[in-house]
Protein chains: 2
Amino acid sequence: MAATLKDLSRETGLGLATLSKYFNGGTVREKNRIAIEAAVKKLRYVPNEVARSLKTQQSRVIGVVIPELSNTFITSIISSMEDILRRHDYAVIVCDCRSDAKREKEAVEFLLHRRVDGLINMATDPSGAHLKAALNAGIPVLLVDRLVESLRGKTSAVIIDNIHASLQAVRKLTDLGHRRIGLVLGSPGLYTTNQRLTGYLNALQEAGISPTEDYIRYGDYTMDGGYQAVQALLKLKKRPSALFVTNFEMTLGAMLALQHQNIRVPEDLSVIGFDKLELFGEIFPDLTLIRQPQLSIGREAANLMLDLLSSHDAVSHRIVTLTTELSEGHSVRSLKEPLP
Amino acid sequence: MAATLKDLSRETGLGLATLSKYFNGGTVREKNRIAIEAAVKKLRYVPNEVARSLKTQQSRVIGVVIPELSNTFITSIISSMEDILRRHDYAVIVCDCRSDAKREKEAVEFLLHRRVDGLINMATDPSGAHLKAALNAGIPVLLVDRLVESLRGKTSAVIIDNIHASLQAVRKLTDLGHRRIGLVLGSPGLYTTNQRLTGYLNALQEAGISPTEDYIRYGDYTMDGGYQAVQALLKLKKRPSALFVTNFEMTLGAMLALQHQNIRVPEDLSVIGFDKLELFGEIFPDLTLIRQPQLSIGREAANLMLDLLSSHDAVSHRIVTLTTELSEGHSVRSLKEPLP
DNA sequence: ACTGAAAATACAAACGTTTTTTGTTTCATT
DNA sequence: AATGAAACAAAAAACGTTTGTATTTTCAGT
């Protein structure tokens with residue numbers, strides 16, 4: 001059906017080598033160029049990337065393994081990543097593993113069979129076991145958003161400065177006189193959970209506050225988890241005067257819980273959230289929150305991967321840390337001034 | 001680096017054909033099976049899908065071209081699609097064209113170069129020009145969510161019954177005595193826009209109401225568009241008593257506009273929206289709306305594509321139409337009963 | 001142990017490129 | 001007219017599989 005180089009060769013009378021050279025950016029004589037282009041149009045020739053991949057031993061495909069496709073934080077990262085990679089002629093195969101470690105491992109194996117040139121992973125399995133095969137195969141692995149301890153030094157990564165983000169948020173609260181600060185974290189064990197907890201503890205220490213176990217809650221990074229966590233916090237005898245919620249879904253859940261309990265923000269309770277996303281920004285427009293630069297994360301990841309692919313000099317792994325921004329709304333009040 | 005069949009052949013003393021047969025589900029002698037499995041483990045052999053693709057002339061890759069990756073309606077379809085396809089050993093390359101017809105065409109070409117076995121497209125360009133190359137190449141094309149008129153009979157499709165969905169919603173309103181019904185549509189020219197308008201007009205006719213041009217607004221399927229459209233509707237001398245908003249983002253925008261204008265739902269205005277999505281359901285929990293079965297759309301699309309791929313009997317194109325559901329909340333009131 | 005059929009295997013060609021080698025043509029420069 | 005470089009042709013090997021044909025092995029039935 002589809003035309004091949006051989007057909008082109010017959011049509012133009014040129015040799016395979018010349019044609020191959022033409023398609024790979026080499027120079028050919030003007031009249032040959034014209035002949036080739038005419039033949040391409042006539043025979044509707046398109047280069048067969050599969051054959052090319054086999055010969056060059058690179059597929060020009062990047063595998064991306066993520067915990068969840070239906071998550072705007074993740075898709076906006078992927079979107080900006082894919083954009084850049086495709087512009088460099090790399091295709092992206094995305095595998096959604098539904099936050100399931102077994103599926104994640106299968107996805108990595110699936111991608112290795114397909115001989116992807118590189119792997120980008122937002123890790124579900126904190127042990128990193130799923131990535132061993134990829135590292136053995138010698139293909140570059142790039143972690144996004146979550147570091148994997150056991151792979152320190154073996155992979156590159158693009159992350160945000162979680163500790164500082166958390167520190168910054170909580171410091172804001174202590175600066176304004178808050179001493180009872182509730183923290184809503186993701187699932188225990190995850191990299192970002194640990195980091196954001198550390199930042200919180202650092203900020204408390206800085207302010208000379210000793211942490212209260214009851215104020216630290218785990219909400220699984222889901223809206224419902226955030227909702228439950230806040231409900232629990234509100235039931236405490238000594239209620240917190242402020243909340244820091246460490247991802248977007250949980251922030252949404254937290255706000256709903258507060259709304260349902262008729263708690264005013266910031267009069268009754270101060271709140272700092274996480275990840276302003278377009279649509280939701282309009283619903284709770286005045287929230288103070290930590291913003292992650294999703295577009296930059298995607299861009300850095302794509303560029304770093306392209307670097308890794310072009311420099312074969314093996315093991316120069318880089319960890320790119322991006323900074324977050326504290327976007328000030330009106331959901332935090334100072335305890336030092338009385339309410340009007 | 002990576003082991004090949006030849007290495008396995010050397011290691012086990014078996015021929016290539018035998019090994020190939022083994023990997024493709026054929027039977028080999030017990031002792032050979034054991035030898036092969038040992039060698040696979042020892043040499044860490046993984047089949048090279050690229051070589052396999054070249055030989056078999058199928059890439060086992062499906063290309064998916066969508067207008068926007070950061071859209072939960074779309075990603076939830078893709079998610080369920082990818083799940084099924086991967087289980088059948090098909091990889092999915094997703095190309096986000098940002099609702100740009102030029103990018104869409106480039107994406108299709110990109111995928112054709114990679115010799116995808118099939119193409120799934122939620123079309124941005126209503127003319128369908130971008131798909132010609134794919135049809136010429138003879139690969140199956142499957143449209144999702146949006147039909148392309150010019151391709152009638154040349155592609156399969158999975159859609160919802162837009163006319164009926166719209167009819168059902170608007171009939172609900174007329175049944176309750178509403179006669180001034182505002183309609184917020186997507187971008188002019190899009191398939192779904194036209195269909196949903198038709199359903200609206202049919203319902204009006206059924207109720208003996210002649211349509212008012214002022215009540216029909218285009219909101220581009222964006223939240224902001226919905227917001228603006230509703231604001232314009234509210235400025236009319238004869239305000240509508242009810243609204244039907246035809247996608248999720250616009251429904252959100254509409255609700256915000258109403259909130260900002262202190263319009264009570266349903267006391268002051270009845271509203272029927274579109275596409276309940278998890279997170280938002282909690283924010284406006286009592287909305288009456290049309291629900292699309294995203295998971296089913298994805299599932300049907302995947303299965304239909306698998307069908308198309310296995311049956312080479314060319315031109316048996318099928319259009320699968322799924323039904324929507326009117327999910328009743330409390331955002332619609334009857335004009336036949338006085339307010340309490 | 002002998003036969004015959006079925007199962008298992010070996011061999012080689014093919015898929016569509018890239019790349020190397022060897023040798024030829026083209027064409028501007030001296 | 002001679003020189004040299006760039007462009008070209010032709011042929012062949014290679015990438016790692018699959019597959020058709022031909023050959024060998026296996027083993028039940030005698």
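In what follows, every chain begins at residue 1, and chains take the letters A, B, ... in the order their sequences are listed.
Position along DNA chain C of the nearest nucleotide to B:Gln57 versus A:Thr18 favours B:Gln57 as the more 5'-ward residue.
Atom CG of A:Asn48 is separated from atom C1' of C:dA14 by 14 Å (rounded to the nearest Å). In this structure, B:Arg52 places its CZ atom 17 Å from C1' of C:dA14, rounding to the nearest Å. For B:Glu30 and C:dA8, the CD to C1' distance is 14 Å, given to the nearest whole Å. When the P atom of C:dT18 is taken as reference, atom NZ of A:Lys6 falls 13 Å away, rounded to whole Å. Here C:dT20 presents its P atom at 13 Å from NZ of A:Lys21, a figure rounded to the nearest Å. C:dT20 atom P lies 15 Å from atom CG of A:Leu16, rounded to whole Å.
As judged by a 4.0 angstrom heavy-atom cut-off over every strand, B:Ser20 is placed among the base-contacting residues. A:Phe23 comes within contact range of no nucleotide atom at all, as no heavy-atom separation falls under 4.0 Å. Within the 4.0 angstrom heavy-atom criterion, no nucleotide atom of any strand lies near B:Tyr22.
Looking at B:Lys41 and B:Glu37, no side-chain N of the basic residue comes within less than 4.0 Å of a carboxylate O on the acidic one, giving no salt bridge. The existence of a salt bridge linking A:Arg103 and A:Glu106 is excluded, since no basic side-chain nitrogen approaches an acidic carboxylate oxygen closer than 4.0 Å. Ion pairing between a basic and an acidic side chain is recognised when a charged N comes within 4.0 Å of a carboxylate O; B:Asp96 and A:Arg86 show no such pairing.
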Exercise for the section: Any chance you could list the contact pattern along nucleotides 21-26 of chain C? Use B for base contacts, S for sugar-phosphate-only contacts and - for none, protein heavy atoms under 4.0 Å, 5' to 3'. Expected result: ------
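For the contact set between residues 110-119 of chain B and DNA chain D, defined by any heavy atom under 4.0 Å, there are no members.
Sequence neighbours left out, the pairs with a member in residues 28-62 of chain B that pass ring-ring contact (aromatic ring centres under 6.0 Å, His included) are B:Phe23-B:Tyr45. Applying the salt bridge (charged side-chain N to carboxylate O under 4.0 Å, His left out) test to pairs two or more places apart or on separate chains, those with a residue in residues 46-63 of chain A are A:Glu49-A:Arg52. Pairs engaging residues 113-156 of chain B under the ring-ring contact (aromatic ring centres under 6.0 Å, His included) rule: none recorded [sequence neighbours left out].
No side-chain heavy atom of A:Arg299 sits less than 4.5 Å from a side-chain heavy atom of A:Met81. Contact of the A:Ile74 side chain with the A:Leu69 side chain is not registered, since no non-hydrogen atoms from C-beta on lie closer than 4.5 Å.
For CZ of A:Arg152, the number of neighbouring non-hydrogen atoms (other residues, nucleotides, ligands) closer than 6.0 Å is 12 at most.
Counted by atom type alone, B:Ser79 and A:Arg98 present one or more donor-acceptor pairs between their side chains at under 3.5 Å.
Bracketed by its first and final contacts, the part of DNA chain D lying under 4.0 Å from non-hydrogen atoms of chain B reaches from D:dG16 to D:dT26 in 5' to 3' order.
Remark: B:Leu306 CG to B:Leu142 CG distance equals 10.5 Å, nearest 0.5 Å.
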